[in-house]
There are 2 protein chains.
Amino acid sequence: MFNEADKSYPIELVADFLGINSRTLYYYEKFSLVCPLRRGRKRYYSKEDINWLEYVRELMYEHGMNLRSIIILIKRRDAVILDRCPEDVVLCFKNYLARKDNMAKKIKIEEEDEPVKDVK
Amino acid sequence: MFNEADKSYPIELVADFLGINSRTLYYYEKFSLVCPLRRGRKRYYSKEDINWLEYVRELMYEHGMNLRSIIILIKRRDAVILDRCPEDVVLCFKNYLARKDNMAKKIKIEEEDEPVKDVK
DNA sequence: ACTTCAATTTCACTATAAGTGAAAAACATT
DNA sequence: AATGTTTTTCACTTATAGTGAAATTGAAGT
């Protein structure tokens, strides 16, 4: 029976399917973004690998993320990024959002003279 | 009393403190990475803004993330990136990690001929 | 209103990352 | 050893991040 995790698709087929160059797949491998099975020196990819790569492409092209960010984000998730992120940075961030909101309103009203009260 | 959220630091001071160019702060503003208070046309930053910017710099230079990724990551957090991420991609990813592990071992043993059994 | 001075914006350039074509190298098979 | 295919290397291209310098804008004083 075929399995999503079975590594059976050769590189050219995967590249064609994704509409990318096979060189790009080698390139991604350098960053450990995907690890095909190697039988002898040939590479074989699974359906899962393909889904995964599609997702990576989406993150890059629809969200403008770079390769490293994707690796960090997915691998270590918020562990590194936010759990490790100190309380006061989280606080700053909330404040930043409030400020931004405030500012957006301000720009609409087009009053630039009197300073805005701080949101606490 | 002074407050972390008080916007009182002018741009040049902030830039100097962070060791960056003030142009970079304008640049970040374009991406809404920070929103100083504008009194007249002058910009004022808070201590929180400075902490926030330090964190952004850290993500960029220690983790190799790009501006967009940081915006996405922090703003919408895993909501967009992972909650929205379909089950099978998560699965692929787990599998990918297993595969990678497997591969690392393999490279150590330096056997490249017989195919590895799939980890299920 | 005009001048001055500093803050801001625009323009243009540099450096690094992402991606790819083509040539060279490396295997496996006959 | 020769052939054919996969992989690697080299070099080039485009996009993003960052910054200097010039041009512009706006506030304040006169």
Side-chain angles (χ1 to χ4, degrees), chain A residues 7-45 49 53-73 103 106-107 110-115, chain B residues 7-45 49 53-73 103 106-107 110-115:
Chain A
K7 303 264 183 177
S8 47
Y9 303 97
I11 196 164
E12 282 306 335
L13 196 142
V14 175
D16 280 358
F17 178 79
L18 294 171
I20 61 178
N21 197 298
S22 59
R23 287 284 299 99
T24 303
L25 289 172
Y26 295 129
Y27 183 64
Y28 284 176
E29 213 175 319
K30 264 196 190 170
F31 296 95
S32 297
L33 256 170
V34 66
C35 6
L37 170 66
R38 299 193 64 164
R39 195 176 296 124
R41 58 196 186 116
K42 285 194 74 172
R43 287 164 169 77
Y44 295 94
Y45 297 78
D49 287 332
L53 289 165
E54 275 185 308
Y55 183 57
V56 166
R57 300 293 288 184
E58 186 189 319
L59 288 178
M60 296 190 80
Y61 290 99
E62 291 182 25
H63 296 283
M65 297 186 70
N66 63 359
L67 293 178
R68 280 207 194 162
S69 305
I70 291 169
I71 295 166
I72 292 164
L73 174 67
M103 202 156 160
K106 222 173 175 246
I107 288 167
E110 222 110 7
E111 298 169 0
E112 285 221 330
D113 295 319
E114 43 181 349
Chain B
K7 302 265 183 177
S8 47
Y9 303 98
I11 195 163
E12 281 307 335
L13 195 142
V14 175
D16 280 357
F17 178 78
L18 293 171
I20 60 179
N21 198 298
S22 59
R23 286 284 297 100
T24 303
L25 288 172
Y26 295 129
Y27 182 64
Y28 285 176
E29 213 176 320
K30 264 196 191 172
F31 296 95
S32 296
L33 256 169
V34 65
C35 6
L37 171 67
R38 299 193 63 164
R39 196 177 295 124
R41 55 192 193 121
K42 285 195 74 171
R43 286 164 169 77
Y44 294 95
Y45 297 79
D49 287 333
L53 288 165
E54 276 185 310
Y55 183 57
V56 167
R57 300 292 289 183
E58 187 189 319
L59 287 179
M60 295 191 81
Y61 290 97
E62 291 182 26
H63 296 283
M65 297 186 69
N66 64 358
L67 293 178
R68 281 208 193 159
S69 305
I70 291 169
I71 295 166
I72 292 165
L73 174 67
M103 203 158 161
K106 227 177 172 245
I107 288 168
E110 221 109 9
E111 297 168 359
E112 285 219 331
D113 295 320
E114 42 180 352

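Naming: A, B, ... by sequence-line order, numbering from 1 per chain. Fair warning: this is a prediction, and the values are worked out from it, not measured in the lab. Computed over heavy atoms, backbone and side chain alike; hydrogens, waters and symmetry mates excluded.
For B/Y28, counting side-chain heavy atoms from C-beta on, the closest listed nucleotide (D/dT7, D/dG18, C/dT8) is D/dG18. Checking D/dT6, D/dG18, D/dA17 against the side-chain heavy atoms of A/K42 singles out D/dT6 as nearest. For B/F31, the listed nucleotide lying nearest its side chain is D/dA17; candidates were C/dG19, D/dA17, D/dT6.
If you check distances only, the side chain of A/R41 never reaches the base of D/dT7 with a donor-acceptor pair under 3.5 Å.
Applying the 6.0 Å contact sphere to OH of A/Y44 captures more than 12 heavy atoms from other residues, nucleotides or ligands. Within 6.0 Å of the OH atom in B/Y28, the count of heavy atoms belonging to other residues, nucleotides or ligands exceeds 12.
In this structure, OH of B/Y26 is placed 14 Å from C1' of D/dG20, rounded to the nearest angstrom. One interatomic measurement links the two molecules: CG of A/N66 to C1' of D/dA15, which rounds to 12 Å at whole-angstrom precision. A/L37 has its CG atom 12 Å from the P atom of D/dT7, to the nearest Å. Between A/R68 atom CZ and C/dA17 atom P the separation is 6 Å, expressed in whole Å. In this structure, B/L67 places its CG atom 17 Å from P of D/dA15, rounding to the nearest Å. Taking atom CE on B/M65 and atom C1' on D/dT16, their separation rounds to 15 Å, with Å as the unit. A/M60 places its CE atom 18 Å from the P atom of D/dT14, with the value rounded to the nearest Å. Remark: P of C/dA7 and CD of B/E29 are 15 Å apart, rounded to the nearest angstrom.
An OP1 or OP2 oxygen of D/dT8 is reached within less than 4.0 angstrom by a side-chain nitrogen or oxygen of A/R43. One finds no side-chain N or O of A/Y27 lying less than 4.0 angstrom from the OP1 or OP2 phosphate oxygen of C/dG19. For D/dG18, one of the phosphate oxygens OP1 or OP2 lies less than 4.0 angstrom from a side-chain nitrogen or oxygen of B/Y61.
Within residues 11-24 of chain B, the residues having any heavy atom closer than 4.0 Å to DNA chain C are, in order of number, B/I11, B/R23.
Applying side chain to side chain contact (heavy atoms under 4.5 Å, CB included) to B/L53 and the options B/I20, B/T24, B/L25 leaves one that passes, B/L25. The only member of B/V14, B/L18, B/L13 that meets side chain to side chain contact (heavy atoms under 4.5 Å, CB included) when paired with B/Y45 is B/V14.
Contact check for B/Y27 versus B/L67: side-chain heavy atoms found under the 4.5 Å cut-off.
Scanning both residues, A/P36 and A/R43, for their nearest heavy atoms gives CG-CG, 3.7 Å.
Put simply, CZ on B/R23 and CD1 on B/I11 are 9.5 Å apart, with the number rounded to the nearest 0.5 Å.
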